[in-house]
Chemist: 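This structure is in structure tokens; I'll ask about it shortly.
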Amino acid sequence: IPFDGTMNVVPNTKINISFSDPIDTTSVTTSGNIKLYSLNNAGTATLANSSATLDTSQKIAIITPQTALTAGKYRVVVTGALKSATGIFMGDPGASQNTSSYEVFKSHFEVGANTAADNTKPTVKGTWPATNATGIAVNPGALNIQFSEGMDPTTVNATTITLKKGTSQVTGNVNYDPMSNSATFS
């Protein structure tokens with residue numbers, strides 16, 4: 001997020017990339033296999049000053065620009081040298097695609113010229129079950145929280161989202177989905 005082709009992205013955005021499996025931390029943080037480029041009018045790419053980290057599930061990579069992005073076009077790239085936590089490369093080693101120069105994923109977005117930084121605090125749009133709901137099954141499955149905007153995945157966890165029965169905290173797992181701006185507690 002932002003999705004491929006999104007326009008008028010705010011300049012202080014963080015870019016989230018979701019993966020199907022946990023990702024090896026060192027292949028993200030030390031190897032530069034997730035990259036952000038700024039593009040000029042001719043389409044020439046220049047590596048933007050940013051860092052990439054993983055959330056606690058290791059399934060969401062967060063690209064954080066070192067400064068606010070300026071108006072213009074940007075490209076996000078994931079290279080074939082990125083690998084899962086179990087050591088499987090994104091690119092096919094047999095076809096020499098497991099390198100930091102082979103691009104297995106690309107996405108583009110544009111920061112708007114008149115787009116202001118997002119300084120509005122997020123809110124909870126809704127929950128399931130709803131607040132003060134009654135008659136909920138003993139084991140309802142996952143509980144859901146919908147946010148008003150994208151959240152920093154590193155801040156959505158079992159410390160910041162808790163469930164209590166009376167005054168006792170219920171143990172569980174918290175997962176964040178940046179595609180739907182929602183969290184589940186299970």
Side-chain angles (χ1 to χ4, degrees), residues 1-79 81-82 90 100 103-127 144-162 173-185:
I1 295 188
F3 297 108
D4 189 34
T6 301
M7 299 175 74
N8 294 320
V9 171
V10 296
N12 63 333
T13 194
K14 289 185 179 182
I15 298 98
N16 296 322
I17 305 169
S18 295
F19 296 95
S20 59
D21 295 312
I23 300 298
D24 175 64
T25 303
T26 57
S27 75
V28 172
T29 57
T30 59
S31 303
N33 293 313
I34 298 177
K35 302 173 184 180
L36 175 64
Y37 292 97
S38 62
L39 305 174
N40 66 17
N41 290 336
T44 303
T46 304
L47 193 61
N49 191 9
S50 62
S51 61
T53 57
L54 290 170
D55 76 335
T56 55
S57 74
Q58 293 182 275
K59 290 185 175 184
I60 301 173
I62 304 107
I63 300 173
T64 305
Q66 299 304 311
T67 59
L69 300 176
T70 57
K73 296 179 181 182
Y74 292 84
R75 179 187 314 147
V76 175
V77 171
V78 175
T79 74
L82 187 72
M90 294 282 295
S100 60
E103 298 176 352
V104 294
F105 171 82
K106 286 190 283 191
S107 179
H108 300 81
F109 66 91
E110 187 171 343
V111 173
N114 296 318
T115 307
D118 179 8
N119 295 316
T120 304
K121 65 182 178 180
T123 60
V124 173
K125 287 177 63 177
T127 62
N144 298 300
I145 302 170
Q146 178 76 44
F147 299 102
S148 60
E149 61 183 75
M151 304 294 290
D152 178 347
T154 62
T155 66
V156 182
N157 53 55
T159 302
T160 59
I161 295 179
T162 59
N173 296 313
V174 174
N175 292 301
Y176 177 66
D177 178 14
M179 303 296 275
S180 65
N181 298 336
S182 64
T184 57
F185 181 96

Chemist: How long is the span from the OG atom in Ser38 to the CG atom in Asn49, to the nearest 0.5 Å?
Modeler: 10.5 Å

Chemist: Before you tell me yes or no, could you show the steps for Phe147 and Thr123 under side chain to side chain contact (heavy atoms under 4.5 Å, CB included), namely the whole-Å CA-CA distance, both residues' side-chain angles and the distance that decides it to 0.1 Å?
Modeler: CA-CA 6 Å; Phe147 299 102; Thr123 60; over 6 Å; no

Chemist: When you look at Phe105 and Met90, which way does the side chain to side chain contact (heavy atoms under 4.5 Å, CB included) test go after all the steps?
Modeler: CA-CA 9 Å; Phe105 171 82; Met90 294 282 295; 5.8 Å; no

Chemist: Which heavy atom of Lys125 sits nearest a heavy atom of Ser148, and at what distance?
Modeler: CD-CA, 3.4 Å

Chemist: Near Asn41 CG, under 6.0 Å, is it more than 12 heavy atoms from other residues, nucleotides or ligands?
Modeler: no

Chemist: Write down the atom of Ser182, the atom of Gln146, and the distance for their closest heavy-atom approach.
Modeler: CB-OE1, 3.9 Å

Chemist: Please walk me through it: do Val174 and Tyr176 pass side chain to side chain contact (heavy atoms under 4.5 Å, CB included)?
Modeler: CA-CA 7 Å; Val174 174; Tyr176 177 66; 6.0 Å; no

Chemist: Between Thr159 and Thr162, which heavy-atom pair has the shortest distance, and what is it?
Modeler: O-CG2, 4.0 Å

Chemist: Drop me the distance from Asp55's CG to Asn157's CG, to the nearest 0.5 angstrom.
Modeler: 9.5 Å

Chemist: Can any side-chain N or O of Asp4 pair as donor or acceptor with the backbone N or O of His108 at less than 3.5 Å?
Modeler: yes

Chemist: To the nearest 0.5 Å, what is the distance between CG (Asn181) and CD1 (Ile145)?
Modeler: 13.0 Å

Chemist: Do the non-hydrogen side-chain atoms of Ile34 and Ile63 ever get within less than 4.5 Å of each other?
Modeler: yes

Chemist: Using distance alone, with no hydrogens and no angle criterion, decide if Asp177 and Ser180 have a side-chain donor and acceptor under 3.5 Å apart.
Modeler: yes

Chemist: Kindly compute the distance separating OG (Ser18) from NZ (Lys59), expressed to the nearest 0.5 Å.
Modeler: 10.0 Å

Chemist: Just by distance, with hydrogens left out, do Gln58 and Thr25 show a side-chain donor and acceptor under 3.5 Å apart?
Modeler: yes

Chemist: For Gly150, is there any backbone N or O sitting under 3.5 Å from a side-chain donor or acceptor partner on Lys14?
Modeler: no

Chemist: Considering all heavy atoms of both residues, which atom of Ser57 and which atom of Pro22 are nearest to each other, and what is their separation?
Modeler: O-CB, 4.0 Å

Chemist: Nearest 0.5 Å please: distance from the CZ atom of Phe185 over to the CG atom of Asn144.
Modeler: 12.0 Å

Chemist: Can you measure from OH (Tyr74) to OG1 (Thr6) and round to the nearest 0.5 angstrom?
Modeler: 14.5 Å

Chemist: Assess the residue pair Thr13 and Leu69 against the criterion (side chain to side chain contact (heavy atoms under 4.5 Å, CB included)); give the C-alpha distance rounded to whole Å, side-chain angles, the decisive distance to 0.1 Å, and a yes or no.
Modeler: CA-CA 8 Å; Thr13 194; Leu69 300 176; 4.0 Å; yes

Chemist: Closest approach of Ile60 and Pro178, non-hydrogen atoms and distance?
Modeler: CD1-CD, 3.5 Å

Chemist: Provide the closest heavy-atom pair for Val28 versus Thr53 in the form atom of the first, atom of the second, distance.
Modeler: CG1-N, 4.2 Å

